[in-house]
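Note that ligands are numbered from 1 as they come in the structure, with each ligand's atoms numbered from 1 the same way.
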Amino acid sequence: MAEIVIVPDAEAAGDLAARAIVALIERRGDAVLGLATGSTPLPVYRALAERAAGLDLARVRGFALDEYVGLDPAHPESYRSVIRREVIEPLGLTPELVRTPPADDPDLQTAGERYDAEIRAAGGVDVQLLGIGTDGHIGFNEPGSSFASRTRVKTLTRQTRADNARFFDDPEEVPRHCLTQGLGTILEARHLVLLAFGEGKAEAVRGAVEGPVTAMLPASAIQLHPHVTVLVDEAAASRLELAEYYRDTYAGKPAWQGI
Ligand code: GLP
């Protein structure tokens, strides 16, 4: 079972995740981070910038989960731009070592395969950060995505486009397609850290953690992974049936163990 940690707020979750990432980088200076976009992982990146202040991050590598298709990579809301602004610059990572899926590649049919090959060549992802969509997507794996899927082009649901419209001036500007790591790709990372905050995520979190494993809720794929940490605030945890058990378990955990 995944480890579920219910924290007071997003800052506390960010700090827990950042501590685990710092410990990883202290062990291995060329660690491979799986980077997520959206608002959810931002507290992790902020905490990481503080905690990693004395650490050399120049050899750290990174792979983003997904990218919009049909959006100029230079657009401020392309995930390439977001990762540069929120991760590479504040942390002082080496830009060439941090990749986003090449959604502007003229050969989109094979671009995903090549991205997966790059991840493999880097030795695989050590820690994969994940947010969750209100429809239960991770990366941009919308409901119905195969658990064996690899990085490929997907069509965004109307709900996801509406959710992401806040990042664009005009809702029509939200791209209709994306290039996203597949669920099979994501499940190959050695440690998954899924974060969710707020009431709006409560139902998706319940399904991901306690619901049946089903392609209708792609995040439920995390139940198939041997090392998963789910960091949620009280609101996102509000529909969890076993909340009390998760609290007892975490309260009884030795501090040295980390997540
Ligand atoms: C976006 C991203 C996901 C992200 C999710 C939630 O569409 N592709 O990787 O987890 O939606 O976004 P937010 O964290 O802003 O709620």
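Under the 3.5 Å distance criterion, the side-chain polar atoms of Thr100 are left unmatched by any main-chain donor or acceptor of Arg80.
Not a single N or O atom of Thr37, backbone or side chain, sits closer than 3.5 Å to an N or O atom of ligand 1.
Given atom 8 (N) of ligand 1, the protein heavy atom at minimum distance is Asp66 OD2, 2.8 Å. For atom 5 (C) of ligand 1, the closest non-hydrogen atom of the protein is His137 NE2, 3.6 Å. Here the heavy atom of the protein found nearest to atom 16 (O) of ligand 1 is Lys201 NZ, 2.7 Å.
Considering Gly139, Gly38, Gly198 only, the shortest heavy-atom separation from atom 9 (O) of ligand 1 involves Gly139. Among Ala219, Ser39, Pro41, Cys178, the residue whose heavy atom lies closest to atom 13 (P) of ligand 1 is Ser39.
Checking His75 against Glu173 by side-chain atom types alone, a donor-acceptor pair falls below 3.5 Å. Checking Thr155 against Glu142 by side-chain atom types alone, no donor-acceptor pair falls below 3.5 Å. For Arg114 and Thr110, the side-chain atoms include at least one donor-acceptor pair closer than 3.5 Å. For the residue pair Ser39 and Arg166, a side-chain donor N or O sits within less than 3.5 Å of a side-chain acceptor on the partner.
Per-residue contacts place Asn164 under 4.0 angstrom from the following atoms of ligand 1 (heavy atoms of the residue considered): 1 (C), 7 (O). The ligand atoms of ligand 1 that sit less than 4.0 angstrom from a heavy atom of Thr40 are 13 (P), 14 (O), 16 (O). Atoms of ligand 1 lying under 4.0 Å from at least one heavy atom of Gly131, given by number and element, are 10 (O).
Between Tyr68 and Phe140, the ring-plane angle classifies as tilted under the 30° and 60° cut-offs.
Of all the heavy atoms of Tyr79, the ones lying under 4.0 Å from any atom of ligand 1 belong exclusively to the side chain. By the criterion of a heavy-atom distance under 4.0 Å, neither the backbone nor the side chain of Gln181 is placed next to ligand 1. When non-hydrogen atoms are compared, ligand 1 lies under 4.0 Å from the backbone of Ile132 (N, CA, C, O) but not from its side chain.
Salt bridge Glu203/Arg206: present, at least one basic N to carboxylate O contact under 4.0 Å.
In this structure, Leu16 and Ile259 approach most closely via the heavy-atom pair O-CD1, 3.9 Å.
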